[in-house]
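See structure below.
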Amino acid sequence: MSVLLHISDPHFGTEQAPVVEALVALAQQQRPDLVVLSGDITQRATALQFQAARAFVDRLGAPVLAIPGNHDIPLFDPYQRLLQPYARHRAAFGTELEPVHASPSLLVQCVNTTRWFRHKNGQVSAAQVEQVAQRLAAAGADQLRVVVVHQPVAVPHLEDVHDRLRGHAGALRRWAEAGADLVLGGHIHLPFVMPLTGLARPMWAVQAGTAVSSRVRDGVPNSVNLLRWQPAAAALPCLIERWDHDALHQAFRLVQTTPVRPWREHGLG
């Protein structure tokens, strides 16, 4: 079984030390094969904040795929924002802004949805959509096909509609045709799993809350997701687990498990 730990929006610079330690403990307990960090790694994209974030992920004990969020582009440094918007992200997490992980059971394709000229909203270009689709279409039958973005491709509440990824509708249509199973995101600090309807095949939006930041939504604690997947031949669903931080016990606790069954041509799902 492959285990993927999905972390989003830690906003280093606003991190809470006890929550950081609780998340490290969860990773040490669950031993994920891969960690996906879906943006807003820092609060203000300073070198020190990126260094703190890098030190944190190094403690998780697994390979990390990290994409920038809108907070990871310097806001108050116009020169850096215009000419080198991702320099600090690259120094901490590598030069590739759209990293890929491929194993016998997982294909994870990251997409950089930030733009230096946008303060908050993200977008995906036609070229990005097609590049992702081509990689998805080449995936093996046993691979869970995961796309990672920062801004959500779907939201459950009207108040969050303005935060949806620009270009999401066309991207979802094309990615569904190419075989995507899940689209992971963050940005709005609201964890949920939502089926995406009206597409060529079943897909789900999987959102993570803020992992360790004090910038939580009212009534929504810090949270992360764990995804568990066995190859399609096992005829089992992908399990998406939501783990919330329990402030009383200073630990992450499993609060919800959502089974989703990826569609395959050979009849599973």
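Since the model is a prediction, treat every value here as computed from it, not as a measurement.
In summary, the side chains of N225 and H6 do present a donor paired with an acceptor at a separation below 3.5 Å, with no hydrogens or angles considered.
Within 6.0 Å of CG on L83 lie more than 12 heavy atoms contributed by other residues, nucleotides or ligands. The local environment of CZ in R174 is crowded, with over 12 non-hydrogen atoms from other residues, nucleotides or ligands closer than 6.0 Å. Few gaps surround CZ on R44; more than 12 heavy atoms of other groups in view lie less than 6.0 Å from it. Heavy-atom contacts from other residues, nucleotides or ligands closer than 6.0 Å to CZ of R217 number more than 12.
Screening I41, I7, V35, L37 for a side chain to side chain contact (heavy atoms under 4.5 Å, CB included) with V57, the sole residue that qualifies is L37. Each of D40, N121, I73 was compared with T114 under the side chain to side chain contact (heavy atoms under 4.5 Å, CB included) criterion, and only I73 meets it. A side chain to side chain donor-acceptor pair (under 3.5 Å) with N70 is found for exactly one of R115, H150, H119, namely H150.
Note: L226 CG to R242 CZ = 13.5 Å, rounded to the nearest 0.5 Å. Here CZ of R54 is found 14.0 Å from OG1 of T42. Values are rounded to the nearest 0.5 Å.
When all heavy atoms of V149 and I67 are compared, the closest pair comes out as C-CD1, 3.5 Å. Closest heavy-atom contact between A141 and R145: CA-NH2, 3.7 Å. In plain terms, the two heavy atoms of V111 and Q128 that are nearest each other are CG1-NE2, 3.7 Å. V224 and A211 make their closest contact through CG1-CB, 3.9 Å (heavy atoms, listed as atom of the first residue, atom of the second, distance). P156 and L190 make their closest contact through CG-CD2, 4.0 Å (heavy atoms, listed as atom of the first residue, atom of the second, distance). Shortest non-hydrogen contact noted between R201 and A180 is NE-O, 3.4 Å.
In this structure the side chain of V132 never reaches within 4.5 angstrom of the side chain of V124, judged on heavy atoms.
A donor-acceptor distance shorter than 3.5 angstrom exists from the side chain of T210 to the backbone of D9, with no hydrogens or angles considered.
Hydrophobic cluster membership differs between Y86 and F50, with clusters built from Ile, Leu, Val, Met, Phe, Trp and Tyr side chains linked at under 4.5 angstrom. V183 and L199 end up in the same hydrophobic cluster when Ile, Leu, Val, Met, Phe, Trp and Tyr side chains are linked at under 4.5 Å. Both M203 and L136 belong to a common hydrophobic cluster when Ile, Leu, Val, Met, Phe, Trp and Tyr are linked at side-chain heavy-atom distances under 4.5 angstrom.
The aromatic rings of H11 and H71 lie perpendicular to each other, with more than 60° between the two planes, well past the 30° mark.
Salt-bridge formation is not detected for the pair R88/D72: no Lys NZ or Arg NE/NH1/NH2 atom is positioned less than 4.0 Å from an Asp or Glu carboxylate oxygen.
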